[in-house]
Amino acid sequence: MILFKNARIFDGKELREEVSDVLVAGKKIEKIAETIDVTDDMKVIDLEGKVLAPGFIDLHVHFRDPGFEWREDIESGSKAAAAGGYTTVVTMPNTDPVIDIPSLVEYIAEKGRRAGGARVLPGACISHKRKGEYLAELGLLREAGAVLFTDDGAPVKTSKLLRTALLYSQDVGAIIMEHPEEASLTEKGQVNEGRISALSGLKGFPHSAEYIDIERGIALCRETGAPIHFTHVSTALAFKAIAAAKKEGLPVTCDVTPHHLSLDENNVIVSRYHAVYKVNPPLRSREDVKAAWAAIADGTIDAIVTDHAPWHENEKDLPFQEAPFGIASLECSVAVVLDTWLKMGQPVSLARVLELFTSGPAAILPEEWQKLGHIAEGLIADLTVIDLDESKVVDVSTWKSKARMTPWNGEVLTGWPVMTILEGKIFDKGEDNGSNRS
Amino acid sequence: MNLIEKAVVMTEGDMERILRRIAVEIVERNKGLEDVVLLGIQRRGVYLAARLRSILKETEGVKVPTGELDITLYRDDITTLQEQPIVHSTSIPIDIAGKKLILVDDVLYTGRTIRAALDALMDLGRPDRVQLVILVDRGHRELPIQADYTGRTVPTSKTETVEVRVKEFDGEDKVVICERNGGVE
Amino acid sequence: MQWRHRHLISLEDWTREELEFFLEQADYMEELMNRPIKKVPALRGKLIVNFFFENSTRTRVSFELAEKMLSADVVNWSASGSSVSKGETMRDTAWTLEAMGADAVVMRHSAVGAADYLARKLHRASVFNAGDGTNGHPTQALLDLHAARQHLGKLEGRKMAIVGDVLHSRVARSDIQAFRKMGVEVVLAGPRTLMPLCHEELGVAYEADPKKAVSGSDMVYLLRIQKERQEEGLIPSIDEYHRRYGATEKLMDLAKPDAIVMHPGPINREVEIASSVADGEKSIILKQVRSGVAVRMALLYLCLGGVRN
C-alpha cells in the first residue's frame with residue numbers, strides 16, 4: 001500500500017484547493033480523504049501540496065516498432081513515456097509492417113505489457129496496408145485490442161474511403177483519427193507557408209492544406225453522424241473550422257502538440273535552419289500559436305498529444321532540407337507545456353491544462369478505457385505528480401528514449417512531472433538510466 | 001594599449017628642413033631627376049612622398065611622377081598582428097620598368113615593411129634601381145635593410161614607439177617617441 | 001574596423017558599415033587584377049577547399065581565381081549524393097577536411113541550410129556559402145553591390161527592379177537583403193506563380209506590370225528563367241514569359257536614362273534578356289564577373305588573413 005499525503009488532487013475535471021490524502025492499494029485507488037491514518041504496511045510519500053493528477057494519456061506516439069527499432073522500440077518508448085509523466089500512450093501504426101492485422105495488434109499490446117513503462121494501447125490502420133485503397137478489418141482489429149484507427153503520416157486517401165471508414169467505425173466502437181493534410185498542396189513542402197517560406201525559398205505547407213482536409217472530415221462527419229478526431233492541428237484557420245463544427249453540435253474532436261503550443265517558424269529561422277525544428281505539420285506563425293492557446297481556452301481543443309517522432313541522430317542531424325520530419329519530446333513535453341503556460345502568464349486555468357492530458361484524451365478512447373484520466377475511489381491507480389516549482393534543464397543524454405535530438409535540449413524549463421504511478425507502482429526513473437541503444 | 005608621449009624628436013620646422021635636405025641629396029645622388037619615380041608607402045609615406053614632389057617641383061622645376069604603394073598583402077606577419085590589416089590603394093602612375101624608383105616611408109624599424117614593398121615591386125615590374133627614403137630610423141633591424149636617405153636616426157627601446165604625424169592626416173607635423181603601457185614589452 | 005566575421009553564410013548580420021568597408025577593400029583587390037603579375041602572397045599556406053555539391057563552373061572558377069591570386073592552396077571537391085546517408089557523408093567529410101588542415105571551405109549545395117549546417121560542424125575552418133538551395137548566394141549579392149556601386153556611385157535612395165523567377169532564386173533573396181541594407185528600394189516583377197506568397201516579409205513591393213516596375217529604375221536585375229518551371233506547370237511557356245517579361249530595349253527605355261542592367265549569368269539570350277540589351281551600353285554583366293573575383297578576394301582576405309576574435 002502507498003499513502004500519498006498532502007496531495008492537491010486534480011480528479012480529471014476539477015482541481016481542488018485544499019490537500020488530501022490518497023491511499024493506493026494493489027492496482028487501485030483505495031481511499032481518498034482529508035486525512036488517512038498511517039499504518040505499518042503503508043509506504044508514506046508526502047507530496048507537500050504538489051498536484052496529484054490522473055496518469056497522463058498521450059494519444060499519438062511513434063514507437064517505430066516493428067521495423068525501425070534503431071529509432072525507438074516499444075520498451076524504450078514505454079519507459080520514455082513513463083519518465084515523461086505518462087501512464088498510457090497510443091501507438092501509431094505506420095510501422096514496418098503496418099499494424100493492419102490482428103496479430104500485429106496483439107504483438108504491440110503484448111510487448112507493451114512487458115515493457116515496464118506506460119500502458120501501450122495500439123492504434124491500427126484505417127486502410128489495408130495503409131495504402132488508402134480499402135478498409136482494413138476494423139472489427140477484428142478492435143477485438144484484438146486496437147483503440148483507434150488512423151492512417152497517420154498521411155490523410156485518408158480518398159473522401160470515399162473516409163466516409164466508409166466513418167460509417168463502419170461507429171459499429172466497431174473506436175474513433176477515426178485523421179491526419180489533416182491535403183497532400184497535393186503540400187507536395188515537397190518543408191516549412192510553414194508564410195514568413196519562413198518567403199525568406200528561405202523552402203516550399204511551404206499552405207494553411208489551406210490543413211483547412212481543406214478538416215472541412216472534408218467535418219462534412220463527412222455531418223453526413224454520417226460518426227465521430228472524427230483531427231490530430232496535431234496547427235493553424236488558426238483550422239481551429240476556427242473545428243470550433244464552428246462543435247458549435248453546430250457535431251462529434252468533432254481535436255488535439256494539439258506541445259511544439260505547436262510553444263514554438264513558431266521564427267525558431268527555425270533564428271536557429272539557422274536546424275533540422276531539429278523540422279516537423280509535419282510545420283511550426284507555424286506566432287499568430288497560430290496564439291490561436292492554439294485561445295482554442296484551448298474556448299474548449300475547441302480536447303487533448304494534447306506529443307506526436308513523439310524519434311529518429312536516429314545520423315538520420316535527423318542533416319542540413320534542414322534533407323532531414324526527415326519529426327520532433328521527439330515524450331520526456332520533456334509536459335514541462336514544455338507547463339513552462340510555456342507559466343511564461344505566458346497562465347492564459348488558462350491549470351485545471352484546463354491538466355484536463356488536456358487526462359480526461360480530455362480519455363474521452364477519445366473506447367468506452368472500456370474512458371475511466372482512465374480520472375481519479376476516484378475504486379479506479380485504477382494511474383497517477384502523475386506535478387511540481388510547478390521544479391526547474392530543470394532538458395538533457396537528452398539522460399533520456400530513456402533512443403532519440404537524442406529535441407528542440408529544447410539544454411533549456412531550463414519550469415513545471416515538471418516528478419512521479420509517475422503505473423497501476424499502483426511507482427515508476428523508477430533511476431534504474432536503467434540513459435540509452436537503450438547499442 | 002596606452003601610449004604616453006615621452007619626447008619630441010622632430011618639430012614642424014625640423015621636418016621641413018630635413019625633407020628639403022633629402023630632396024637635395026636625391027638630385028645629387030641620381031645626377032638629376034631623369035627617370036626618377038617617387039613611391040610613398042601607405043599610409044604616411046604617401047604624404048611624405050607628395051611633400052618631396054612639391055619641393056622638387058619648386059627647386060628643380062620638375063614634376064616627378066609620384067605613386068602610392070600598399071604592402072598589406074605582402075606582409076609576412078599577418079597572423080601575429082593585433083589589428084585587422086586593412087588594404088589601402090596602390091596606384092603606380094607609370095610603367096616602372098627601367099626607372100629609378102624611390103620608396104618613401106616614415107619609420108624604419110625591423111625592415112619587414114620594406115622587404116614586403118620590395119616583393120610588391122618585383123610583381124609590379126622591373127625598375128632599374130630602388131632607393132629608400134626614411135624620415136626616422138629607430139634601429140632594431142631584423143633584416144639586412146638600410147635606407148639611402150635618412151632624416152634622423154633615433155635610438156629607441158622595444159617598448160617605445162615612434163609616431164610620425166603629418167598635417168594632412170593627423171593635423172600637425174611632428175615626430176614623437178611614445179612609451180607603451182608602463183614599459184612592459 | 002575590426003573584421004568580426006569568421007564565416008559568410010548570409011549577409012543578414014552584416015551592418016551597413018561593414019558592407020561599405022568591405023566594398024572599399026574589394027576596390028583595392030580589383031586593382032590587383034590590373035597588374036602584370038596577378039598574385040600576392042597574402043594567403044600563402046592557407047588551404048581552401050571548394051566543396052561543390054551542385055554543378056557550377058562560373059562561381060567555382062571565380063572563387064578559384066580569387067584563391068589563387070591570394071596564393072592560397074586550392075582543392076576542388078565535387079560530390080554528388082543521392083543516398084540517405086548524404087548528411088553523414090557531409091559531416092564526416094567536413095571533419096576529415098578539417099583534420100587535413102583546411103582553413104576554409106567554399107560550399108555550394110542544393111539544400112537550404114547546408115552552409116549553416118557545415119558551419120556548426122567545423123570547429124576552426126571558415127565556411128563561405130556559394131549557394132544553399134533557394135536560400136542565399138551572398139557573394140553574388142556582394143559582387144552585384146560592388147559593380148552597381150562602381151557605376152552609380154551612391155546607392156542610397158535608388159530604385160532596383162528584380163524581374164523573373166524570384167520564388168526559386170537564392171540570388172534574388174541575397175540581393176534583396178544586400179541592396180536594402182544599402183538603402184535601395186527594391187520592387188519585384190514577374191509571373192505571380194514565380195513570386196513568394198508573402199513577399200512583404202522580404203521588405204519589397206510587387207508590381208504585376210513589369211513596365212511599371214522598370215519605370216524610373218536605376219537598376220534592372222534580370223533572373224534566369226529555367227525550363228523546369230514550364231515543366232512544373234508554373235508558367236505556360238518560355239515564349240510567353242519572354243514576350244511578357246523579357247528585357248527588350250523597349251522595356252529598358254522605361255528605366256532611367258543612365259540605368260544599368262544586371263544579370264547573375266549565364267544569360268539565356270532572347271528569353272529573359274534580349275541580345276541587344278545584354279551586349280548594350282546599359283549592361284554591366286561583364287563588370288559583374290570582374291567584381292566577382294575582386295569581391296571574393298576581399299572576402300577570403302578579411303576572413304582568413306589577420307587575427308580573428
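Lettering follows sequence order; numbering is per chain, from 1.
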(message) Would the distance check show the side chain of A:Glu331 and the main-chain N or O of A:Ser401 forming a donor-acceptor pair, the cut-off being under 3.5 Å?
(response) yes
(message) Check this for me: does any side-chain nitrogen of one of A:Arg404 and A:Glu313 sit under 4.0 Å from a carboxylate oxygen of the other?
(response) no
(message) For C:Leu167, which atoms come within 4.5 Å of any heavy atom of chain A: side chain, backbone, both, or neither?
(response) backbone
(message) Using heavy-atom distances under 4.5 Å, tell me whether C:Glu200 contacts chain A through its side chain, its backbone, both, or neither.
(response) neither
(message) Looking at chain A, which one of C:Ser10, C:Cys198, C:Gly113 has the largest number of heavy-atom pairs inside 4.5 Å, strictly under?
(response) C:Cys198
(message) Quick check against the 3.5 Å criterion: does A:Asp65 have a side-chain atom that pairs as donor or acceptor with the backbone of A:Ile74?
(response) yes
(message) Looking at A:Trp311, I'd like to know if the NZ or CZ of A:Arg64 sits under 6.0 Å from its six-membered ring centre while staying within 45 degrees of the ring's axis.
(response) yes
(message) One thing to verify: whether C:Asp103 and C:Arg124 come together as a salt bridge, which I'm taking to mean a side-chain N less than 4.0 angstrom from a carboxylate O.
(response) yes
(message) Among A:Glu193, A:Lys203, A:His274, which residue has the highest count of heavy-atom pairs closer than 4.5 Å to chain C?
(response) A:His274
(message) Please output the residues of residues 171-190 of chain C in contact with chain A, using a heavy-atom cutoff of under 4.5 Å, in numerical order.
(response) C:Arg173
(request) Name the region of C:Arg170, side chain, backbone, both or neither, that has any atom closer than 4.5 Å to a heavy atom of chain A. (result) neither
(request) Decide whether a cation-pi geometry holds between C:Arg108 and C:Phe52; the criteria are a distance under 6.0 Å from NZ or CZ to the six-membered ring centre and an angle within 45° of the ring axis. (result) no
(message) So does C:Pro266 get a backbone contact from the side chain of C:Arg224, meaning a donor-acceptor N/O pair under 3.5 Å?
(response) yes
(message) Check this for me, if you would: do A:Asp100 and A:Lys131 make a salt bridge, where the nitrogen-to-carboxylate-oxygen distance has to be below 4.0 angstrom?
(response) no
